[in-house]
Amino acid sequence: MLQIIDRRLNGRNKSAVNRERFLRRYKERIREAVKGMVGERSIADMDKGGDVNIPARDVSEPSFRHDRGGDSESVHPGNKEFIPGTSIPRPQRGGGGKGGAPGSGAATDDFVFSLSREEFLNIFFDDLELPRLARTAIGDTEQKKFSRAGFVKDGSRANLSITRTMRTALARRIALSGVVAEQLRDARERLDQARAECRSDEDIAAIETEIVILESRRLHVPMLDELDLRYRNVVTVSQPVARAAMFCLMDVSASMDETRKDLAKRFYTLLYLFLTRKYEKVDLIFIRHTDDAEEVDEQTFFHDTRSGGTVVLSALELAHKIVTDRYPAGQWNLYFAQASDGDAFGADAGRCASFLQQHLLPMARYFAYIETNEFESRHASSLWAGYEAVTLPYFTMRRVARPGDIYPVFRELFSKGSNA
Amino acid sequence: MSLISTGSNWTFELLERYDAAIATCAGEFGLDTYANQIEVITSEQMLDAYASTGLPIGYAHWSYGKAFIANERAYRTGRQGLAYEIVINSDPCIAYLMEENSMMMQALVIAHASYGHNSFFKGNYLFRQWTQASAIVDYLVFARNYVAGCEERYGVTAVEEIMDSCHALMEYGVNRYRRAAPLSLVEEKARSAERQEIARLQYNDLWRTLPATPVSRIEASKKNFPAEPEENILYFVEKHAPRLTPWQRELVRIVRKLAQYFYPQGQTKVMNEGWATFWHYTLLNRLYEKGLVNDGFMLEFLQSHANVIRQPDFDEQGYGGINPYALGYAMMQDLRRICERPTPEDRHWFPDIAGGDWFKVMDFAMRNFKDESFIAQYLSPRLMREFRLFSVADHEAREMLKVDSIHNDDGYARVRKLLAAQYALDYRLPDIQIVKFDREGDRSLLLRHQALRGRQLVEDEATEVMKHLARLWGFTVRMERTGAGGCVESTRVCEAPWQRQVA
C-alpha cells in the first residue's frame, strides 16, 4: 500500500528553466540595473553577482479583483468590547484616502532578487563580440577535431555499430542461404522427377542425401559472424582556428591621477572579463608606459602603482615589436586597446598617429582608443587631436568621464555588427 | 505494546513502521483513502515544488520563476519558513516530506497528509466531481510536453503571450456547476415518445388552419449568442474565439484544465485543513494511547500542533484573517463534541446530529459540503463565543465602520451567515460573464460585470486583463458594468492588438 521514494538525489534545479524565463522576460530591466552596478562597484567586485530591483508593478500578474469601496461585511475573531452598533474609525491603509487611484498613494515595494555571477556576466556581455574576427591559421596541433567517417571492419568494442552490423549480417544470411535454398529447390524437383520416372533406388538415395546435406548447410548459416562486425570510424580533422591577441596599452604617467587610472583599469577589467569568458584562446598582452614602455603581467598591470613622464610612442613601438616577434599578423587576429588621458608632449602625438597608420593599423583588426578624462574637456587633448587624422572604419575613439560611462562605451565598441 | 522509536532521527524503515501503525489506527476509525506514496525531498526541492503551485510537473513559465525567486529569497533571508509537507490530489496520493523534519514531524505529516488530506480528496464531492485523481499526473506530463513542443515550433514568445493572457483569466476558466450529461439513446427515445404522446393528447385539427409564419434565417441568427450568459470565459474563448489557431486553443484548454483542477482546493480550504488537522491530532493521540510513542514525542507534537492552529485576534500583530487550520480544526472537534457531549444549546441548534455517531456525522459533512455551506451548516454558537467572532460592516456611504453583529443570541445566525458568505466564491471573485458574441457583426465580445453592492474592479488591473482577453479573442472586447437595478452604469472597450495597429 505504501510506497516510499527517495527523491533527494533527483535534480535540484527544476525551477531553473522558470527562473531563466523570468530573466529573459525582464532582460531589458535587468540590463539597466546591471549597467548601473558597473559604476558603483570596485574593480575587485566587478565580476560578482548582484541584487536587481524591478518595480513590483512591472512584474505583477493582473486579474479581475474587487477594489476597496462599495458595501461589504467581514467577520473577525477576538472581539473584546464591541457591541452591535459600535462605530470604528476606518483603518488608514497606505495613506491614500478614499477614491485615490491604487498605486498612486500606496508605496509599491520593489521585486528584488539576486543574480548569480554567471547570470550577471551573461547579461553583462550579452551580444558582444570581437569585431572582424577571422579564422586564419590552419594546422595548429591543438585544434584537431574528431569527426565521424563511415564504418570500418575493426575497432574498439565501444564503437561497435549495432544497426550496421545487423544489416551486414542480414545481407550475408540472404546471400548464403539464398544459393542453398535454390539448390534445395532444384534437388527437390529432381527428386520428384526421379520418383515420377521411377528411377533406380541409388539415384533417388543420392538425391535424398544431397537434400539432407543442403538442409543442414542452410541451418548452419550463422545469425552473426565475425565478418559482419562493423565499427564506427572516427578520424581527426585539422580545423582552421581563430587566434586572437589583445594588446592592452595603458598610460600610467603622472598626469593620470587616481581617478583616471581607475577609469582605465575599470575598462580593462571589463575587457579582460569579456575576453576570458567569451574567447578561450585569446592571448592578452599588457603594456603600460610612462616615458618608457614595458610588458607586464596582469597582476602588475592592474595593481602595481608606478608613475613617470609620458612618451606614448614608446608603448606603440613596444606593441609593434611584440607583434613582429611573437604574433605574425597573417596568423593572428590582432586587437589593440589604448587608454590614456590624452596628454602627449611636443611631436609625440603626431608621431604616434603616423606610427599607428603606417605600422600598427595595417595589421590590426581593430583599434580602440579610450580617453579617460573626468572633465568634459571642451578642447581636444593633444593625442585626441593627433588621432583624429586617422579615419579607418576599424579605428574608434571614445571619451570616458565617469565610471557610469564605461559600460555604454564598452558596449558600443564591441556590440555585434557595429564595426563589421 | 512497545515504542516504535525514540529520538528525533528518522530512517526509511521507521517511516514504514510509523505509516503502518497510523494506517492501523486509521483503519480502526474507518478512514477511506487512496494508496499512499511518500517522497522524501530536500528543502531546495521543496522550493521548486512551491514555485509550480505544488504540482510535481509543470510547464515552463516566467511567473513560476518569479514565484521561485521570491520564495527562495524569503527563505534564504529567513523571513519565511517552508511547509513541512506538500500533498497532491492524485491516485496514489503523493505527499512530499522534507528531509530536515524530525521523526515526530514525519509521523505528523504522514497522518496529516497521507491520511487526512488523502481521505478528503477521495471523499469530498467537489473533488469527486471536478478532479480525476488517477489522471492528473499523466495530464501534467502531457501539458508540459505540449507546451514545450509549441515553444519549439512557434517560439517561446508566442507561447508566452498566450499563456500570460490565459493566466490572467485563469480564475474565469472554471465550470462552477456541472453541465447536464448528454442523454443516452434510451432516454432520448423515451423523451421523444413522451412528446409524441402529449402532442397526440392535445391534438386539435384547428391548428392546421393557422397561417405559418416562416422564421427567416436572418431572424434566427439575430438571436443572442450565447443563449445563456457564460461564466467560464476561457472555455468560451477556446470554443469560439475567431482567430485562434488549433495549438493556441489547446494551450487555452491546458490552463483551463489546471484551473478546474485547483477549483475544489480553493473552495474547501477550511474543511480540508480542518479535516486533516483533526485526523493528525486524533491518530497521533491514538498512537499514544496504544503506547507506541512516548511523552517526548507527544510534547513535541503538541507544540507543533498548537502553532498550526493558533488564531491571532484581529488587533494582534500578524493577524491576517481567519486561520483556516484553526477554524477548520475547531469546527471538526466541535462536531465530535456535539455528537458525544451535546448541551441543550446544541440540541436546539443541531437537533439532527446532537448525540449521534460522531464518525458518521463527520464523514457526511466531509463528503457533502464546501467551506461556504459547511460553515453555514455547522458553525455552532459555542464556537462563535470561543473565537469571539464579530462582523464589521464597511459601507461606502458611512464615514466610520460599524460593528454589525457579535457573538450573542441576536447575532449568532447573522455572524454565521456573514462568515459563510465570506467563503463564497462571489465574495472574492467579481461576477463577470460573457453575454454576447456578435457573430454576424463585428465579432466583438460583450462581458457583463454585475457589480455586487457597488463594489468596483481594481481599475488598472482590469484594463490589463481586458487587453489580455482582447489578445485571445482577436477582436474588440467590451465590458459593461451593471448595478443593482440591472441598468448599465459604464462600459469599457478594448480592441485587439492588430485593430489598434490599424487605427
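Lettering of chains follows the sequences in order, A, B, ..., and the numbering in each one begins at 1. Here the structure is a predicted model, which means the values were calculated and not measured.
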Subject >> Contact winner vs chain A - L418(B), I322(B), L327(B), heavy-atom pairs under 4.5 Å >> reply: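 The option with the most such pairs is L418(B).
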Can you tell which part of [X] gets under 4.5 Å to a heavy atom of chain A, answering side chain, backbone, both or neither?
X       : result
I432(B) : side chain
A70(B)  : both
L169(B) : side chain
E39(B)  : both

Original post:
Is there a donor-acceptor contact under 3.5 Å linking the side chains of R25(A) and S63(B)?
Top reply: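 Note: R25(A) and S63(B) side chains miss the donor-acceptor criterion.
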Electrostatic pair [X]-[Y], nearest N-O below 4.0 angstrom:
X       : Y       : result
R7(A)   : D48(B)  : no
E73(A)  : R453(B) : yes
E160(B) : R21(A)  : no

Subject >> Inter- and intrachain pairs under salt bridge (charged side-chain N to carboxylate O under 4.0 Å, His left out), touching residues 400-410 of chain B, at least two apart >> reply: D404(B)-R414(B)
Subject >> Residue S60(A) versus chain B: region with a heavy atom under 4.5 Å >> reply: backbone
Subject >> Option passing ring pair (Phe, Tyr, Trp, His ring centres under 6.0 Å) with H76(A) (candidates F387(B), F314(B), Y319(B)) >> reply: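 Single ring pair (Phe, Tyr, Trp, His ring centres under 6.0 Å) partner of H76(A) among F387(B), F314(B), Y319(B): Y319(B).
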Subject >> Test side-chain hydrogen bond (donor to acceptor under 3.5 Å, both in side chains) applied to E386(B) - qualifying residues, sequence neighbours left out >> reply: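 So E386(B) forms no side-chain hydrogen bond (donor to acceptor under 3.5 Å, both in side chains) with any residue.
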